Structures are given as C-alpha cells and as structure tokens.
Amino acid sequence: MLPRCAISVCHVFVLVLCLSSAEDFDWTKNDHGSFYYGTFPAGFSWGAGSSAYQTEGAWDKDGKGLSIWDVFSHKKGKIQQNDTGDSSCEGYYKIKDDVGLMKELKLNHYRFSISWPRLIPTGIKSDHINEKGIQYYNELIDHLLENKITPIVTLYHWDLPQFLQERYGGWQNISMVNHFNEFANLCFERFGNRIKYWMTFNNPWSVAVEGYETGEHAPGLRLRGTGAYKVAHHIIKAHAKVWHTYDTQWRAKQKGMVGISLSGDWGEPVDITNQKDIEAAERYVQFYLGWFATPIFHGDYPQVMKDFIGRKSVQQGLGTSRLPSFSPQEKSYIKGTCDFLGVGHFTTRYITQKNHPSARSSSSYFTDRDLAELVDPRWPDPGSEWLYSVPWGFRRLLNFVKSQYGNPMIYVTENGVSEKMLCTELCDDWRIQYFKDYTNEMLKAIKDGVNVKGYTAWSLLDKFEWDEGYSERFGLYYVDFRNKNKPRYPKASVQFYKRIISSNGFPNQREVENWRRKAVETCSTSNQLLAAEEQRSTAANILRLIHDPLTSHMEMVTEIVVPTVCTLSILLSAVFLMFLLRRRN
Ligand code: NOJ
C-alpha cells in the first residue's frame, strides 16, 4: 500500500485526472462478472492473522529487548494520536482467550509472527537468548496444536531489534543477513519440530519503502531513491540464506516449508487499448510484487526495473545504477528459494503512463516508475485512505503470479478491510461484503488454475495499525482498547466468515444471503453488550478523573466526551424513533 504522503499527492492527481477525463473513461469496466457459487478444493486451509508488534503488547516484559517500533512509536508525532504498541491487545497474556476465538471461527490455521527482540534482546544470538520469550511462543504453538489449528509463522514482521539499528543502520547493512539467519536458525531449532510453515519476511516492500524511503514507518529514514533498493537487496539475500539454512540443516528432519509473504496491489491499465498504459500497469506490479518475487523465482530483478532505474541513474550522472545488482553466484543462490509464496493483497489502482523528470534531487522509488495511479470514485473505501474494495483485482493478481512464476503454491497471507469510526460498530456489513467478494474472486482464480492452498483473513483482532495507531480497525473481533483488560467482541463478519469456512465456499444464493442476514441480526446483541461496557468504563473514568486533576484535557476528550456524545446520539435517535412510531399509531 502507499505511504500517506504519496497518497495525498496521488489523490490530488487522481481527482484532476478523474475530472479531466471523466467523459472518455470507461467506468463500466468495473462490472467484472457475476458471483460464482461453488466450493473450494477439499483441504483448503482457512485462517486469520496477526503480527507480534501489532498485538502482543508486553513491550518491555520478561526480558524482551527493544525493537525499532518500540523506539519509533515512543517518539512524539510519528503515530496518529501518539499511540504505541506498548500494551496493544495484550496478546502476550491472552493465549487461551485468543485461541478460543479461533476455535469459535473454526479456523484451520493461524498466522502470527515471532518478535526477534523477544527471543534475542540485542538481535545478536551470541549475546543472550531470552528463555522466557521462547516459553511464550512454545505455549502459543502448543495450545494451537492442541486445538488442531496449524501455526503459520513469520520470522520478520518489521520489528528489528533496536540495537542492530543503532549499531549497524539496520537493513542498510549487509551484516543483517547473518544476524537474521542466526535468529531464524534458533527458531528452527526450538520450534521446528512443530512448525511446518515458515515465512522469512512479511511484506518487505513496506520495510524498504516506508522504513527507508519515505520514513513513515520505523526506523523512519528518508533515503530517497537509494535506501529502499539497498534494503531490499539485503532482505532478498537474507531470505535466500535462511531458506538454504533450512534446506541443508532442517528440512530432512522437520519436513516443513519455507516461503516469503509478499504484498502487492493490482495495477490495471486505465486504457486497455493503449500500449503505454498497459506497460505502465505492468511496471507498477513489477516494481511492487515483482521486485522481490522475480529474484526469488528467476534469480534477478525484473528487467523493467533494471532498465528504468539504470537509465535514470545515467541521466543523473551516476556511475552505477541506484538498483544494486546480483553477481552470477548470488543469482543462482537466490533463484528457487521459495517452497510456497505468501500473498498479501488488499486493493487495486488504475495506472497510466506519466513521465517524471529524472533530476537527481527528486529521484525516488515512486518517480522511477514513470506512472500515475488513479482510483474509481465509485469504489467503496470504508476505512483506510488507501484501501478501496476492488475484488476483481485480486483474481488478476493471483493469475499474474501463476503466469509469471510457474504456478507456485500460494497461501494468501493477508486480505481484509478496515473501518474508521469514532462510534463503535460491530455490525460490519461492508466487511462481510469485502470478504464475500474477495474470497469469491479467489475461488474464480482457483478455477482458472491458480494453485491457492489457503486464505488468511486480516486480521483476527483489531490492533496497532502502524503509523495509523489504533485509528484503523482491521479485526474480525473488536478490541476495546480503552479498557485495561482489552476485551474482545465479535463483529458480524465473524459469523459470516465462519459460514464460509464451514461450507468451504458458497453453496447457493439463498443460503449465502441467509448467512448475511443472520450475521447482521446477531451483532446487535454484541453491540448492546459493548455499549453497556463502554458506559460502565466511562463512568469509571469520570470517577478517576475527579480524583486525578492532572489528567490531561486530551484524555478527557477522547475517553469521555466522544463516547458520551455517541451514547447520547444513540439514545436521542431511539427517543425520536419512538416518538415517530407513536405519531404513526
Ligand atoms: C500489511 C501489513 O503486513 C500489516 O501488518 C497491516 O496491518 C496491513 N498491511 C494493513 O495495513
């Protein structure tokens, strides 16, 4: 997904383009066929996901070291509302509760990540191993297996040990390859008897671009035009090394698989008859998913990246390309290091050709691509600014993976939608719609011959959404972050997703409509429960504030005024409704 600053620039552009070309733009292209009733292949795996920093909390407990996200989120002005992941969902203390929720959903698998600094506080294995951290993941894994839920583990979901950032500059430094390999090897040694699905990295695009190019994510560096390419280069090497470690030291005994989870939006040409737009859209996907997938499946970067970045580097008077290159030995070492591909996908863009000047001062990953992104104003966007619901793009992306990389085994590792709302709402009809349509497009892709083996709804719980803090909720379960106990409440989408899982697909229209109706009916009970709990905690907060005059004005506004206004509006609407009904009678 796009970083926020890029999005705002792009939005202005989108609007301008939409206005100027509205007449000759064929919006009806959205009509991408009807719903497909049918079932998934037997044994298809249904799951939900999370990541360590986003859900665990316990940031400084039981010997855990600092991660770059602990430090980044503690700096003022980096995260919405200055939120942090310090306690988040307190998942560290709630293994049993959360596995209970997974059972309720009848999940086949659960995807989570291991926090590197929780196991190795400095990141350097020879310094110290934190046995309490090992114990936590042992308990989580055992509890999942006891409940017949397959764990799918990501080794790196963005939380680099801070010490490695300070001492070496993090992923800018090639030494990360060995440190990461040692960490991975420790995980294989301690957990590999029970874990059969490993993923080295989650969405390295984001690490590189948002961490080292735009600086919106930890470690917050803005090394435009160079940082992201260098970081990605080291990440690809680290991935390959870990795959080889598993292959030579553990595979025969543990019989598991090692993959990587790559994210990618789909890029659709604005004008499907215009060769330049077709090429620009292809470039968009190659610079996104292809940047990592092409070396891993074919041994080198996509030709189009080498051409574009190379040409611009020459124009900028540089002796070599800003895109680093692999030696022949490295190419053959990296090629084929993927037992299965994790695909994270949320949204789509329309793409058109747009030349960017190649001045050195303005060079960046974004301008290197020579394209512009557009959105259809009619696409639903219930939550995050960047996230438009465009189900048909999912099928296209999956088919792209099939044709480009030799039809690899795919696990969808992330797919879902957020909501942005001040008042609490558990009746998430729009999420039901999103899951229904996206999983249906995935089913069509499977019918097209794409080798998708599993699907992971993102996410099990509402959680810390990186630079957006807690303002964007992706969960199937709502988490009341204002309550110290972080209680979870099912949204309507829990009921709906559960039905897809138990039917392994979509039996027929009548039944699927019924699921939806029932899901929306039952959520009103949960809504009432939550509203009552919120009133109770608001009252408790008022009492606390009376006793603590130093509590800030801001806290007062977010913790008291907003919920009180919400509750009052609900009450007033109810009174108004009753009044209307009476008058009608
Ligand atoms: C991808 C990231 O991997 C995940 O952590 C995040 O919550 C989702 N995108 C939604 O933004």
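Here the structure is a predicted model, which is why all the values come from computation and not from measurement. Counting starts at 1 for both ligands and their atoms, following the listed order.
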* Is it true that the NZ or CZ of Arg118 lies under 6.0 Å from the centre of Tyr92's six-membered ring and within 45 degrees of the ring axis? -> yes
* Asked: Non-hydrogen atoms of Trp386 versus ligand 1: any pair closer than 4.0 Å?
  -> yes
* Shortest non-hydrogen contact from Val207 to Asn202? -> CG2-O, 4.4 Å
* To do: Could you tell me whether ligand 1 has any atom less than 4.0 Å away from a heavy atom of Glu468?
  => no
* Check if Glu472 has a non-hydrogen atom at a distance under 4.0 Å from any atom of ligand 1. => no
* List the steps, then state whether side chain to side chain donor-acceptor pair (under 3.5 Å) holds for Lys241 with Asn181. => CA-CA 7 Å; Lys241 178 142 191 167; Asn181 185 54; 6.0 Å; no
* **Close N or O approach (Asn202, ligand 1; < 3.5 Å)** => yes
* To do: Could you tell me whether Asn203 and ligand 1 have an N or O pair separated by under 3.5 Å?
  => no
* To do: Find all atoms of ligand 1 within a distance of less than 4.0 Å from any non-hydrogen atom belonging to Lys463, and give their numbers and elements.
  => 7 (O)
* **Lys196/Asp339 ion pair, N-O < 4.0 Å** => no
* **Backbone or side-chain N or O of Glu465 under 3.5 Å from ligand 1 N or O** => yes
* Asked: Do the charged groups of Glu104 and Lys106 touch, with an N to O distance under 4.0 Å?
  -> no
* **The single option from Pro117, Ser115, Ser67 passing side-chain contact (heavy atoms from CB on, under 4.5 Å) against Pro161** => Pro117
* Asked: Do Trp466 and ligand 1 have an N or O pair less than 3.5 Å apart?
  -> yes
